[in-house]
Amino acid sequence: MLLRLPTSVTEAQECLAEGAVPIGGATLVWATWQRDGFPERAMSLRELPEANVIGPEALGAAVVLNRIDDRIPEVLRRAAGSVGTGAVRRTATVGGNLVGSSLRCLLPAALVLDARATVLESDGLHETDLAEVLSKRPLLLSLHWRRPIASAYRKLPGEAGGPPPLVVAAALHDDGSGQHRLSVAVRDGYDVLSDGTPCDTGTGTGTDAEQVLGALRGTALGELPDAAWEVVGRQVGDLLRGPGSH
């Protein structure tokens, strides 16, 4: 297998045209390759600057999970820290988790940040949404978003060999006009549901949380089971009571 390490977008585009298979840490494909055979050409983005950015409003697809630090919003940082073991996080990449994994532990966090994706295709760079990234699986270079007011992430304990543990992510946003919007995403099994609602954080009372939860019940999140709603309720209450603490 010939491994290419492009250092520019143009060079990465050339690698794609040559049929190079994009890989990150290869944590999800190595066993398959050992069984079925290795591709003739592969490409890693670890030397491409556009895929290695880390900042308060952007994260590169080639960044390994254990490099995600407090420059990144709480919800995405905690999501990365919950993936696998320390050895996995030292190898697995953002792009591999979002595009190559069936669990996609980072997806709920990216959804509540309203993240957009920069992808590379044969005709150049494009910006798109996460739905297109998941359905068409283009070469992901980076994610970017507007910094939230506050965010939170919770992943329940899972059983070895059991179903994927429940994940709840939430973020509170300012829409630019002084109005607030709460976004929530939940991974229940292998399914991820996400939606949001305008909210008033002026008083931070239990009534506020009840009203917001009532509004969320009328969205796609209304399909969630009661056990998941308990966790959602705690996340919403925490954010509305103290957004500055998350």
Q. Does E14 have any salt bridge (charged side-chain N to carboxylate O under 4.0 Å, His left out) partners at least two apart in sequence or in another chain, and if so, which?
A.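 Result, salt bridge (charged side-chain N to carboxylate O under 4.0 Å, His left out) vs E14: none returned.
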Count the heavy atoms belonging to other residues, nucleotides or ligands that lie under 6.0 Å from [atom1] of [X], then report whether that count exceeds 12.
{"X": "E18", "atom1": "CD", "value": "yes"}
{"X": "R116", "atom1": "CZ", "value": "yes"}
{"X": "R78", "atom1": "CZ", "value": "no"}

Spacing of [atom1] belonging to [X] relative to [atom2] belonging to [Y], to within rounding of 0.5 Å:
{"X": "L59", "Y": "L143", "atom1": "CG", "atom2": "CG", "answer": "6.0 Å"}
{"X": "Q235", "Y": "L240", "atom1": "CD", "atom2": "CG", "answer": "11.5 Å"}
{"X": "I23", "Y": "R4", "atom1": "CD1", "atom2": "CZ", "answer": "13.0 Å"}
{"X": "T118", "Y": "L139", "atom1": "OG1", "atom2": "CG", "answer": "11.0 Å"}
{"X": "N52", "Y": "L45", "atom1": "CG", "atom2": "CG", "answer": "8.0 Å"}
{"X": "S44", "Y": "L3", "atom1": "OG", "atom2": "CG", "answer": "6.0 Å"}

In a check of side chain to side chain contact (heavy atoms under 4.5 Å, CB included) between [X] and each of [options], which one passes?
{"X": "R187", "options": "L166, L103, L193, L111", "value": "L103"}
{"X": "P138", "options": "E121, E132, H126", "value": "E121"}
{"X": "V63", "options": "I68, T93, I72", "value": "I68"}
{"X": "P148", "options": "H173, R181, E57", "value": "H173"}

Taking side chain as C-beta onward, heavy atoms only, is [X] less than 4.5 Å from [Y]?
{"X": "V236", "Y": "L182", "answer": "yes"}
{"X": "L125", "Y": "V119", "answer": "no"}
{"X": "R71", "Y": "R77", "answer": "no"}

**Q.** Over all atoms of both residues, closest heavy-atom pair of L239 and A150
**A.**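 Looks like CD2-CB, 3.8 Å.
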Q. What are the two closest heavy atoms between V112 and A169, and how far apart are they?
A.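 Heavy-atom minimum between the residues: CG1-O, 3.4 Å.
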Q) Going through the distances and angles, do R146 and D114 end up as a side chain to side chain contact (heavy atoms under 4.5 Å, CB included)? A) CA-CA 8 Å; R146 286 184 55 201; D114 297 329; over 6 Å; no
Q: List the steps, then state whether side chain to side chain contact (heavy atoms under 4.5 Å, CB included) holds for R41 with C15.
A: CA-CA 9 Å; R41 294 181 178 85; C15 292; over 6 Å; no
Q) Does any N or O in the side chain of S151 come within less than 3.5 Å of the main-chain N or O of V75, such that one atom is a donor and the other an acceptor? A)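 Indeed, once roles are kept as given, a pair shorter than 3.5 Å links the two residues.
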Q) What pairs of residues pass the side-chain hydrogen bond (donor to acceptor under 3.5 Å, both in side chains) test when at least one of them lies in residues 212-231, not counting sequence neighbours? A)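 Applying side-chain hydrogen bond (donor to acceptor under 3.5 Å, both in side chains) to every pair that reaches into residues 212-231, excluding sequence neighbours, yields nothing.
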